[in-house]
Structure formats: structure tokens, C-alpha cells
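Positions are given from 1, in the same order as the sequence printed here. Note that ligands are numbered from 1 as they come in the structure, with each ligand's atoms numbered from 1 the same way. All values derive from a computational prediction rather than experimental measurement.
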Amino acid sequence: MVKMYYNEDADLKVLEGKKVAVIGYGSQGHAQAQNMRDAGLDVIVSELEGTPNYEQAVKDGFEPKTAAEAAKEADVIQILLPDEVQKKVYYSEVEPNLEAGNALVFSHGFNIHYGQIVPPADVDVYMVAPKGPGHLVRRVYTEGFGVPALIAIYQDATGNAKDFALAHAKGVGGTRAGVIETTFEEETETDLFGEQAVLCGGTTELVRAGFETLVDAGYQPEIAYFECLHELKLIVDLMYEGGIATMRDSISDTAEYGDLIAGKQVINDKSREAMKKLLTDIQEGEFAKQWLLENQVGRPGYNRKKAIDEDHLIEKVGAELRSKMNYLD
Ligand SMILES: NC(=O)C1=CN([C@@H]2O[C@H](COP(=O)(O)OP(=O)(O)OC[C@H]3O[C@@H](n4cnc5c(N)ncnc54)[C@H](OP(=O)(O)O)[C@@H]3O)[C@@H](O)[C@H]2O)C=CC1
Ligand SMILES: CC(=O)[C@](C)(O)C(=O)O
């Protein structure tokens, strides 16, 4: 059984007297910076002046700096920029301000694993990767809990990188739930695979395909929305709390039989082959190349596909229903 690290395994004192810079105040940045500040760490943030997230950082009580200023001042520099801009900002603003003994921290291994950022040998390089969206990393922390996290040590120049990583994970709330040690390679490749094949790509396509099947067959779009999207959260909540078996205990035997006979017709051998191809493309760097090139040419494919998806009937029906339903506590 894998070793899990909890609060008692991490000592915030190892970061005492150290300034932590969070560069990028977005989904993860706003969450991790506030969580670490609440945990008593000395946190500064960097954000682009004049942007909504800059204003949010000010509203949250920070005085946002440039990435260069933050890197110069801090001992621990956490890069929570979009993966596709990290290389540019790192080499132009962060690296020139690194000092021996600093720590460079990531929450996803993309830029290190695919060789976009090659840090100097005299700094620690580690990862603290919450396994959840940033806004829930903050929400759950304020409720007294934590989102589980991964840590990975890429470079241990000081000999203390793991202690720093565990303390950092404690600061963001990860050790409240549990922390597992991995590698930059394993986190990068599994995270990319998960967000493409299961969490985001696979699930959104499954939801849209189910919705379209019902709507094309003449059923009310609202009914299709309830069945294929809204209820999915409730089903997944049960899986989250107690595994697939717990979810199956709660649904009807009729639904469970349907689950058992239909699942493999939808996610069939062809689907599994497609998943393996996605993983191969990730492992061989094909996805990374495609994503970095897409950004270099202004995201034509991303923008077109995003526009089509955001114009989908399921978005319109969902917005209408969410405006009418009393469901969020
Ligand atoms: N989103 C998530 O839940 C998770 C993300 N991660 C990882 O965390 C990292 C950050 O991702 P995420 O939080 O989603 O990113 P976001 O895009 O949400 O936030 C990045 C922030 O950095 C800002 N920014 C861009 N350029 C600069 C700059 N030059 N100087 C300062 N700030 C800048 C962006 O501003 P603007 O928007 O105006 O460009 C934005 O506010 C990535 O490595 C990601 O893979 C890991 C786990 C989960
Ligand atoms: C939330 C998370 O970990 C994702 C989906 O992999 C991401 O946003 O990068």
C-alpha cells in the first residue's frame, strides 16, 4: 500500500523565515496563496497588473508584484502560471533572480518533464500538485478540510527538498487529506491522460453524446440535461465517498443491471484503444508539442472548438435550468 503523508508528517517550521512567492494568481494561485497565508506562511504573489486576477489578489489582501520582483524577494518560488507561458516568464523574469538554495515549485510537471524549463543545479525543484480544481482547493480549505495532493522531488540541492515539499503541501491543505509522493514524469503523464481521457475530455464528450442522443430522439432537452449532466454529479459524489460499489448500493437494481450490461457497449475496445493512443501521444511528447505549437500560432484550433462547444444546446439548457433551480446550498 502506498505511503500517505498527513499533517503530522509535515513541519511548517522548515519554511519559517522563508518568503514564498506564488507567481500567477489564477485557479491554483489564488487558492494556494491564501491557504498558505492562512497556515501562517509568509506569502507574496505575482500577477499581471490590470487583469481581473490582479484585482482579486488586491481584494484578497495581497500586493501583487511582477514575476521578477517576486522571484528576487522570495526563497521559495512557486510557478502557478498557465503551462504554456511558464517557459517565457521563467527565463525572462524568474531565472535571472534565482539564488543558490532557493526552491522552485510547480503544481504540474509539464515544463520540467518536457524539458521546457531546465533549472540551475543549485536550487531545489519540487512539486506540490493538489488533485483538484483550484477553486475547490480553496473552498475545501476554508471548510477545514483539504484536497489530496502529490509531491515530487526533481532536484534536492539543499538536502531538504522533501521536508520543504511536505511543509508546502501542508500549507495548501494537502496533508489534511493525504499526500502521495510521485515523480514529475508520473504526475505529468497521468494528469494529462486523466484530464483528456476521463475527467474533462472523456466525460464532457460522454455527457454531450448522451444528451444529443436523447434530444435527437425527440425528448425534452431539459429532461436530457437532468439525466446526462445534472445527475452525474450526484452519482460521482457517491463514487467519491465510497467507490463504485457504494454508488451501486444506492442506485436501483434496474440501474445497476443497466450499468453492468451497457457500460462496456459504450466504453468498448475501440474506446480503450483510443485511450491508449492518448497515453502514447502524451508519453512520446506529441501532445506537448501540439499544445505548445497551438499556443505559438494563436490557438486557432482551441478557439474554434471552444466556441463550438460553448454554443452547444446543453450549455443553453443548463444555464436556463440553473437559473430556475434551487439546488446549490
Ligand atoms: N487549474 C487547476 O485546478 C490546476 C492547475 N494545475 C497547474 O497549476 C498551474 C497554474 O494553472 P492554473 O491555476 O489553472 O492557471 P490559471 O490560468 O488559472 O492562472 C494563471 C494566472 O497567471 C497569470 N499570468 C499570466 N502571465 C503572467 C505573468 N507574466 N506574470 C504573472 N501572472 C501571469 C494569468 O493571468 P491571465 O489569466 O490574465 O493571463 C492567471 O491569472 C499550471 O501548471 C497547471 O497545470 C495543477 C492542478 C490543478
Ligand atoms: C484540476 C486538475 O488537476 C486538472 C484538470 O488536471 C487541471 O486543471 O490541470
Atoms of ligand 1 close to [X] [distance to a heavy atom under 4.0 angstrom, numbered from 1]:
{"X": "G132", "value": "3 (O), 48 (C)"}
{"X": "N53", "value": "40 (C), 41 (O)"}
{"X": "P82", "value": "17 (O), 20 (C), 22 (O), 25 (C)"}
{"X": "V89", "value": "29 (N)"}

Best match, [options]: closest heavy atom to [atom]:
{"atom": "atom 20 (C) of ligand 1", "options": "I79, V85, L80", "answer": "L80"}
{"atom": "atom 33 (C) of ligand 1", "options": "L81, L192, V128", "answer": "L81"}
{"atom": "atom 35 (O) of ligand 1", "options": "Q56, M127, Q86, E47", "answer": "E47"}
{"atom": "atom 44 (C) of ligand 1", "options": "I23, D83, V94, V147", "answer": "D83"}

Within the protein, is there a heavy atom lying under 4.0 Å from atom 3 (O) of ligand 2?
yes
Heavy-atom closest pair (Y141 atom, V172 atom, distance to 0.1 Å) is CD1-O, 3.8 Å
Looking only at protein heavy atoms, what sits closest to atom 28 (C) of ligand 1 is L48 CD2, 3.5 Å
Closest to atom 6 (N) of ligand 1 among protein heavy atoms sits Q28 CG, 3.7 Å
Paired with S107, the side-chain hydrogen bond (donor to acceptor under 3.5 Å, both in side chains) test is passed by just one of Q32, E187, Q28, namely Q32
query = Distance under 6.0 Å and angle within 45° of the ring axis: does K3 meet both against Y5?
reply = yes
Q) Are R139 and F145 in a cation-pi setup, meaning NZ or CZ lies under 6.0 angstrom from the ring centre and within 45 degrees of the ring axis? A) no
(message) With a cutoff of 4.0 Å, is P130 in contact with ligand 1, counting heavy atoms of the residue only?
(response) yes
In ligand 2, the atoms that come under 4.0 Å of a heavy atom of G132 are 1 (C)
N268-S271 side chain donor-acceptor pair, cut-off 3.5 Å:
yes
Side-chain donor-acceptor contact under 3.5 Å, Q56 with D60: yes
When D259, L234, D237, V236 are each screened for side chain to side chain contact (heavy atoms under 4.5 Å, CB included) with M247, the one that passes is D259
With heavy atoms and a 4.0 Å threshold, my read on which part of K131 contacts ligand 1 is neither
With heavy atoms and a 4.0 Å threshold, my read on which part of P52 contacts ligand 1 is neither
Rounded to the nearest 0.5 angstrom, the CG-OH distance for L166 and Y126 is 9.5 Å
